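Here the structure is laid out as C-alpha cells; the discussion comes afterwards.
Values in this document were obtained by computation on a predicted structure and should not be read as measured data.
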Amino acid sequence: MASVSPPAASTQPTLPSGLAVFKTIPYAFMLPEIICGMWVWILVAATSVSFPLLQGWVMYVSLSSCLISLLLLLSYIFGFHKNSENWKVLDTLYHGATAILYMSAAVLQANATIRSESELNSSPYYQLNSAASFFAFITTFLYILHAFSHYYQ
C-alpha cells in the first residue's frame, strides 16, 4: 500500500484581500499615504500658489500619487491581484518611484514655504505652506516605509 503524503505547505506569504489589507504590513500604509497626500494637495491648493512652477509640481505629484494609490488599494481590497507574485514587484516599484517623486515635491514645497515667509501679509499662506511641507515629508516617509517593508517580510 502506497502512502500519500499531504501537500507541502506553501512558505510563500499570500497577498491580502478584502479588509485584511488594512491589517497587513506594508499594505496598511496605503490609507495613511492617501490621506496625507490628500492633505498636501488640499493645503497647497488653499494657498495663493505664489510659486506656480514649484507648487505645480507638488500638486501634480500629490494628486497623481493619491489617485494611483487609491486605485492600487481598491485593487487589493477587491482581490484583483489573484495572489500573483508580480503584484509585489509592481507594488514595490510603484512605491519606490513615488517615494523619490514625493521627496522632490517635499523639498520644492519646503522651498516655497521658505520663500513665502519673506512676503508681506503672507502669514496664513506661510502657515498653510508649512503644513503642506510637513505632510509632504510625512507622506514621503510612508512611501519609503512601504517600498522597503517588502524586503523585510
Side-chain angles (χ1 to χ4, degrees), residues 10-117 122-153:
S10 175
T11 59
Q12 178 178 344
T14 59
L15 296 174
S17 294
L19 295 179
V21 170
F22 300 111
K23 299 175 185 174
T24 309
I25 299 292
Y27 310 102
F29 293 130
M30 292 181 86
L31 193 59
E33 290 165 1
I34 293 168
I35 292 170
C36 289
M38 283 180 13
W39 273 113
V40 172
W41 63 266
I42 289 170
L43 289 166
V44 171
T47 67
S48 64
V49 188
S50 303
F51 311 103
L53 188 60
L54 301 178
Q55 292 178 306
W57 176 250
V58 174
M59 290 289 287
Y60 172 75
V61 169
S62 60
L63 188 57
S64 61
S65 299
C66 180
L67 293 175
I68 294 170
S69 293
L70 182 62
L71 289 174
L72 193 57
L73 177 64
L74 290 174
S75 67
Y76 278 119
I77 289 173
F78 293 120
F80 293 146
H81 54 75
K82 296 186 175 140
N83 211 23
S84 172
E85 191 65 26
N86 295 334
W87 277 81
K88 278 189 174 181
V89 174
L90 170 77
D91 190 72
T92 303
L93 290 176
Y94 166 71
H95 282 88
T98 305
I100 293 168
L101 293 175
Y102 241 109
M103 179 58 78
S104 70
V107 169
L108 290 175
Q109 180 58 38
N111 185 5
T113 302
I114 292 167
R115 293 170 83 182
S116 71
E117 183 179 24
S122 66
S123 180
Y125 295 130
Y126 174 73
Q127 292 170 353
L128 289 171
N129 280 326
S130 296
S133 296
F134 173 77
F135 280 108
F137 281 107
I138 293 296
T139 308
T140 302
F141 180 67
L142 288 170
Y143 276 105
I144 290 169
L145 279 177
H146 189 126
F148 283 108
S149 61
H150 279 295
Y151 294 111
Y152 298 110
Q153 287 184 344

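- Exactly one residue among Q109, R115, M59 makes a side-chain contact (heavy atoms from CB on, under 4.5 Å) with L54. That residue is R115.
- With values rounded to the nearest 0.5 angstrom, S75 atom OG is found 8.0 Å from L90 atom CG.
- Residues A136 and Y102 share a closest heavy-atom pair of O-CD2, 3.9 Å.
- Distance CE/M38 to CD1/I35: 6.5 Å, rounded to 0.5 Å.
- The shortest distance between side-chain heavy atoms of W57 and L101 falls below 4.5 Å.
- Taking the six-membered ring for Trp, Y76 and W87 have ring centres closer than 6.0 Å.
- When the shell of 6.0 Å around CZ of F141 is examined, it contains 12 or fewer heavy atoms from other residues, nucleotides or ligands.
- Between L142 and C36, the closest side-chain pair of non-hydrogen atoms falls below 4.5 Å.
- Nearest heavy atoms, A110 versus F137: CB-CE1, 4.1 Å.
- Not a single donor-acceptor pair under 3.5 Å links the side chain of T98 to the backbone N or O of H95.
- Under the 30°/60° scheme for interplanar angles, the aromatic rings of Y143 and Y94 are found to stand perpendicular.
- Nearest heavy-atom pair, P32 versus A28, reported as atom, atom and distance to 0.1 Å: CD-O, 3.2 Å.
- The closest side-chain donor-acceptor pair between Q55 and N129 falls under 3.5 angstrom.
- Here the CD1 atom belonging to I138 is positioned 12.5 Å from the CD atom belonging to E33, to the nearest 0.5 angstrom.
- A heavy-atom distance below 4.5 Å is not found between the side chains of S116 and Y125.
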| Would D91 and H146 count as a side-chain contact (heavy atoms from CB on, under 4.5 Å) if you check the C-alpha gap in whole Å, the side-chain angles of each, and the deciding distance to 0.1 Å? | CA-CA 9 Å; D91 190 72; H146 189 126; 2.6 Å; yes
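- The minimum heavy-atom distance between L63 and W41, with the atom names listed, is CD1-CE2, 3.6 Å.
- The SG atom of C66 lies 12.5 Å from the CH2 atom of W39; values are rounded to the nearest 0.5 Å.
- Residues G96 and A147 come closest through the heavy atom pair N-CB, 3.6 Å.
- What you find for T140 and A99 is that their closest heavy atoms are CG2-O, 3.8 Å.
- Considering CG of L53 and CG of L108, their distance stands at 8.0 Å, rounded to 0.5 Å.
- Atom CZ of residue F134 and atom CG of residue L43 lie 11.0 Å apart, to the nearest 0.5 angstrom.
- With no hydrogens or angles considered, a side-chain donor-acceptor pair links T113 and S133 at under 3.5 Å.
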